[in-house]
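See below for the structure under consideration.
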Amino acid sequence: MEEINLIIDTTKESMESSLKHLESAFNKIRAGRANPLMLQNILVEYYGTPTPLSQVANISVPDGMTLSIQPWEKSTLGAIEKAIFQSNLGFTPNNNGENIIINIPPLTEERRKDLVKQAKAECENSKVGIRKARQEANADIKKIESASEDEKKNGEEQIQSLTDKYVKMAEEHLSVKEKEIMTV
């Protein structure tokens, strides 16, 4: 049935989108190593306009525990430093007049456990999104008047197998991230 296949394809895209969002959220969760994505949400006051840090400076990782921020204009060093302080990420930027160096402190056991909780919450949000896509798809399938009961049942079974597959993938992503966070 063409309508059911369209619903299944749309549901699969929605579930993939939930998984991509989970991966994006996991990239923002610090796992002990320096990562430019840690500074992704920082907005710098640039000529009176809040601008993402990545648009006013080059962010690099010289080693696993250091972030280096090289602004394109030296006049923005103070604004970048201020934005990092105000972000409440727990980083202390060191301004040497040329660039800003951030030394990433090692994670404590307690902080690692908090990050695992955060990762689990993100995974649960992703699974909720996947289940919501399933619920919407099943409702759409039930609305199709031209399909027989067997076709509807078959469509719902395919949706359920997709749901199981994507929930399992989300849990696998969580297990990898949890291991990454807890590794000292």
Side-chain angles (χ1 to χ4, degrees), residues 1-44 46 49-61 64 67 69 83 87-89 104 107 111-183:
M1 185 90 220
E2 194 173 313
E3 290 176 80
I4 292 177
N5 288 338
L6 181 64
I7 291 170
I8 290 171
D9 290 343
T10 305
T11 303
K12 186 174 183 178
E13 288 174 15
S14 178
M15 290 179 178
E16 285 176 3
S17 150
S18 285
L19 214 53
K20 282 188 176 101
H21 177 76
L22 177 66
E23 291 168 3
S24 169
F26 279 177
N27 283 336
K28 294 176 190 169
I29 297 176
R30 185 175 151 209
R33 288 186 40 84
N35 184 340
L37 293 173
M38 300 162 105
L39 305 176
Q40 183 175 15
N41 296 327
I42 293 181
L43 296 176
V44 177
Y46 185 67
T49 307
T51 309
L53 177 60
S54 61
Q55 293 181 12
V56 297
N58 183 31
I59 305 168
S60 61
V61 184
L67 288 170
I69 302 166
S87 69
N88 291 327
L89 290 174
I104 309 296
L107 295 171
R111 181 69 180 135
R112 287 179 192 277
K113 288 179 181 174
D114 288 344
L115 291 174
V116 167
K117 284 180 190 173
Q118 187 180 345
K120 285 181 179 178
E122 290 294 344
C123 181
E124 194 54 43
N125 288 341
S126 177
K127 291 194 296 191
V128 166
I130 291 167
R131 291 184 194 115
K132 185 173 187 271
R134 174 191 61 192
Q135 183 181 10
E136 291 171 358
N138 286 339
D140 290 345
I141 287 174
K142 285 180 178 144
K143 290 178 188 172
I144 299 174
E145 294 174 9
S146 61
S148 70
E149 288 302 314
D150 287 343
E151 290 172 329
K152 290 179 182 180
K153 185 167 178 53
N154 185 28
E156 288 176 356
E157 287 172 358
Q158 288 179 17
I159 295 290
Q160 184 58 48
S161 74
L162 273 177
T163 303
D164 295 342
K165 173 185 166 187
Y166 280 96
V167 165
K168 184 175 187 237
M169 289 167 67
E171 289 171 350
E172 288 169 357
H173 279 51
L174 173 64
S175 125
V176 168
K177 186 65 177 181
E178 190 173 355
K179 184 177 180 187
E180 183 182 318
I181 291 171
M182 294 308 289
T183 302

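These values consider heavy atoms only, across backbone and side chains, with no hydrogens, waters or symmetry-generated copies. Residues take their numbers from the sequence shown, with the count starting at 1.
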Donor-acceptor pair, side chain of [X] and main chain of [Y], under 3.5 angstrom:
X: Q55; Y: P52; result: no
X: S17; Y: E13; result: no
X: T183; Y: K179; result: yes
X: K127; Y: E171; result: no

On a heavy-atom basis, which atom in [X] and which in [Y] lie closest, and how many Å separate them?
X: K177; Y: A119; value: CG-CB, 4.4 Å
X: T11; Y: A137; value: OG1-CB, 3.0 Å
X: G155; Y: I141; value: C-CD1, 3.7 Å
X: L67; Y: P36; value: CD2-N, 3.9 Å
X: L37; Y: N27; value: CD1-CB, 3.4 Å

Within the supplied structure, the quantity of interest is the number of heavy atoms (other residues, nucleotides, ligands) at a distance under 6.0 Å from [X] [atom1]; does it exceed 12?
X: K12; atom1: NZ; result: no
X: E157; atom1: CD; result: yes
X: Q135; atom1: CD; result: no

Please report the interatomic distance [atom1]([X]) to [atom2]([Y]), rounded to the nearest 0.5 Å.
X: I59; Y: M38; atom1: CD1; atom2: CE; value: 11.5 Å
X: E156; Y: I8; atom1: CD; atom2: CD1; value: 10.0 Å
X: E180; Y: S175; atom1: CD; atom2: OG; value: 11.0 Å
X: N41; Y: S54; atom1: CG; atom2: OG; value: 10.0 Å
X: S126; Y: M169; atom1: OG; atom2: CE; value: 10.0 Å
X: I181; Y: F26; atom1: CD1; atom2: CZ; value: 7.5 Å

Set of side chain to side chain donor-acceptor pair (under 3.5 Å) partners for E23, sequence neighbours left out: H173

Side-chain heavy-atom pair [X], [Y] within 4.5 angstrom cut-off:
X: L43; Y: L53; value: no
X: I4; Y: N154; value: no
X: E122; Y: N125; value: yes
X: Q118; Y: D114; value: no
X: L39; Y: I69; value: yes

Lys/Arg N to Asp/Glu carboxylate O, K153 vs E149, below 4.0 Å: no

D140 vs T10, side-chain contact (heavy atoms from CB on, under 4.5 Å): CA-CA, chis, key distance, verdict: CA-CA 11 Å; D140 290 345; T10 305; over 6 Å; no

Validation: residues 158-168 side-chain donor-acceptor distances under 3.5 Å, sequence neighbours left out:
unit_1, atom_1, unit_2, atom_2, d
Q160, OE1, R134, NH1, 3.2
Q160, NE2, D164, OD1, 2.8
S161, OG, Q158, O, 2.9
T163, OG1, I159, O, 2.9
Y166, OH, E16, OE2, 2.9

